[in-house]
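One structure is given here, and the rest of the page talks about it.
No experiment lies behind these values; they were computed from the predicted model shown.
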Amino acid sequence: MSLLDSLNNDLKTALKAHDKATLSTVRMLKAAVMNEKIKAGHDLDHSEEIAVLSRELKQRKDSAKEFSAAGRQDLVPAVETEIKIVERYLPQQLSQDQVKEIVAITIKEIGATSKADFGKVMKTVMPKLKGQADGKTVNTIVKSLLS
């Protein structure tokens, strides 16, 4: 089942259940996927769908952080609910140890030895971890292993 089919089914379920939070979030996700599909000019493949969902998740995490920093604690729970809904459509996230292991293997594969090789490592490791790990986490792990 494609992501759009899954979103449509969940949209119907949320409508029938009168679940406003899920309904609005699924509508936003569906709109984002459809906009990306129109922009690309073709049906999205799995990796493109994951990229859209990852971008939406990152936006919501950034919003939660901004609301907390601005002292708007009343808005944080709604955004956290949206985050949980978006995470349902993404692949299972890897643990810190799993990411560290993949990064270490990649560093050995390309022969990186110093911080100067940071860009090469990130360029090689991010496609392997797409949708399975946060870029900020990967960035931190790569920096720690290269120093």
Side-chain angles (χ1 to χ4, degrees), residues 1-11 14 19 21-147:
M1 180 183 303
S2 75
L3 177 63
L4 276 176
D5 292 338
S6 179
L7 288 171
N8 282 327
N9 289 339
D10 291 349
L11 190 67
D19 183 353
T22 302
L23 183 63
S24 67
T25 304
V26 171
R27 279 183 174 156
M28 283 188 281
L29 291 175
K30 185 178 175 193
V33 170
M34 291 301 292
N35 286 337
E36 191 67 27
K37 179 180 173 182
I38 291 168
K39 190 169 131 183
H42 59 81
D43 286 342
L44 302 179
D45 63 20
H46 185 67
S47 65
E48 291 171 320
E49 291 173 344
I50 296 299
V52 172
L53 292 174
S54 295
R55 183 173 59 232
E56 293 296 315
L57 181 65
K58 184 178 183 323
Q59 286 175 354
R60 281 158 182 78
K61 284 183 177 179
D62 290 346
S63 295
K65 219 178 281 181
E66 292 295 321
F67 290 149
S68 292
R72 293 296 310 264
Q73 298 305 321
D74 56 318
L75 298 174
V76 174
V79 175
E80 288 175 346
T81 301
E82 288 182 4
I83 289 171
K84 289 177 185 164
I85 293 167
V86 174
E87 286 175 339
R88 281 192 257 169
Y89 299 99
L90 285 167
Q92 184 66 34
Q93 297 291 299
L94 297 174
S95 69
Q96 290 273 117
D97 294 333
Q98 292 170 316
V99 173
K100 200 172 212 172
E101 185 179 321
I102 292 170
V103 170
I105 291 168
T106 304
I107 288 173
K108 287 178 186 172
E109 284 175 358
I110 63 173
T113 55
S114 68
K115 285 187 177 185
D117 298 322
F118 175 79
K120 284 196 309 191
V121 174
M122 287 297 289
K123 186 172 136 184
T124 308
V125 82
M126 282 311 291
K128 294 178 183 178
L129 298 172
K130 189 168 194 106
Q132 297 178 330
D134 180 48
K136 198 177 291 185
T137 304
V138 177
N139 184 321
T140 305
I141 291 172
V142 169
K143 282 181 182 175
S144 71
L145 291 177
L146 287 177
S147 49

Does atom [atom1] of [X] have more than 12 heavy-atom neighbours from other groups under 6.0 Å away?
{"X": "Gln93", "atom1": "CD", "value": "yes"}
{"X": "Gln73", "atom1": "CD", "value": "yes"}
{"X": "Lys115", "atom1": "NZ", "value": "no"}

Gap separating the [atom1] atom of [X] from the [atom2] atom of [Y], nearest 0.5 angstrom:
{"X": "Thr137", "Y": "Gln96", "atom1": "OG1", "atom2": "CD", "value": "5.5 Å"}
{"X": "Asp62", "Y": "Leu57", "atom1": "CG", "atom2": "CG", "value": "9.5 Å"}
{"X": "Asp5", "Y": "Asp10", "atom1": "CG", "atom2": "CG", "value": "11.0 Å"}
{"X": "Ile105", "Y": "Lys100", "atom1": "CD1", "atom2": "NZ", "value": "13.5 Å"}
{"X": "Glu36", "Y": "Arg55", "atom1": "CD", "atom2": "CZ", "value": "5.0 Å"}
{"X": "Met28", "Y": "Gln59", "atom1": "CE", "atom2": "CD", "value": "10.0 Å"}

Close side-chain approach of Gln132 to Gln98, heavy-atom, < 4.5 Å: no
Heavy-atom side-chain contact between Ile50 and His46 under 4.5 Å: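 Heavy-atom side-chain distance check passes, below 4.5 Å.
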Nearest heavy-atom neighbours spanning [X] and [Y]:
{"X": "Phe118", "Y": "Leu146", "result": "CA-CD1, 3.6 Å"}
{"X": "Leu145", "Y": "Ala104", "result": "CD1-N, 4.0 Å"}
{"X": "Ser63", "Y": "Val79", "result": "CB-CG1, 4.3 Å"}
{"X": "Lys65", "Y": "Lys136", "result": "NZ-NZ, 3.3 Å"}
{"X": "Leu3", "Y": "Leu53", "result": "CD2-CD1, 3.8 Å"}
{"X": "Lys120", "Y": "Thr124", "result": "O-OG1, 2.8 Å"}

Ser54: side-chain hydrogen bond (donor to acceptor under 3.5 Å, both in side chains) partners, not counting sequence neighbours: none
Test side-chain hydrogen bond (donor to acceptor under 3.5 Å, both in side chains) applied to Ser47 - qualifying residues, sequence neighbours left out: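 If we apply the side-chain hydrogen bond (donor to acceptor under 3.5 Å, both in side chains) test to Ser47, skipping adjacent residues, the hits are Asp45.
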Working for side-chain contact (heavy atoms from CB on, under 4.5 Å), residues Tyr89 and Val26: CA-CA 10 Å; Tyr89 299 99; Val26 171; 3.6 Å; yes
Test log, rule side-chain contact (heavy atoms from CB on, under 4.5 Å), inputs Ile110 and Asp117: CA-CA 9 Å; Ile110 63 173; Asp117 298 322; 5.7 Å; no
Asn8 side chain vs Leu4 backbone, donor-acceptor pair below 3.5 Å: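 Yes.
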Whether Thr25 side chain and Thr22 backbone form a donor-acceptor pair below 3.5 Å: no
His42 and Glu48: CA distance, side-chain angles, deciding distance, side-chain contact (heavy atoms from CB on, under 4.5 Å) verdict: CA-CA 11 Å; His42 59 81; Glu48 291 171 320; 3.3 Å; yes
Candidate pair Arg60 and Glu56, rule salt bridge (charged side-chain N to carboxylate O under 4.0 Å, His left out), full reasoning: CA-CA 6 Å; Arg60 281 158 182 78; Glu56 293 296 315; 2.9 Å; yes
Ile85 and Arg88: CA distance, side-chain angles, deciding distance, side-chain contact (heavy atoms from CB on, under 4.5 Å) verdict: CA-CA 5 Å; Ile85 293 167; Arg88 281 192 257 169; 3.1 Å; yes
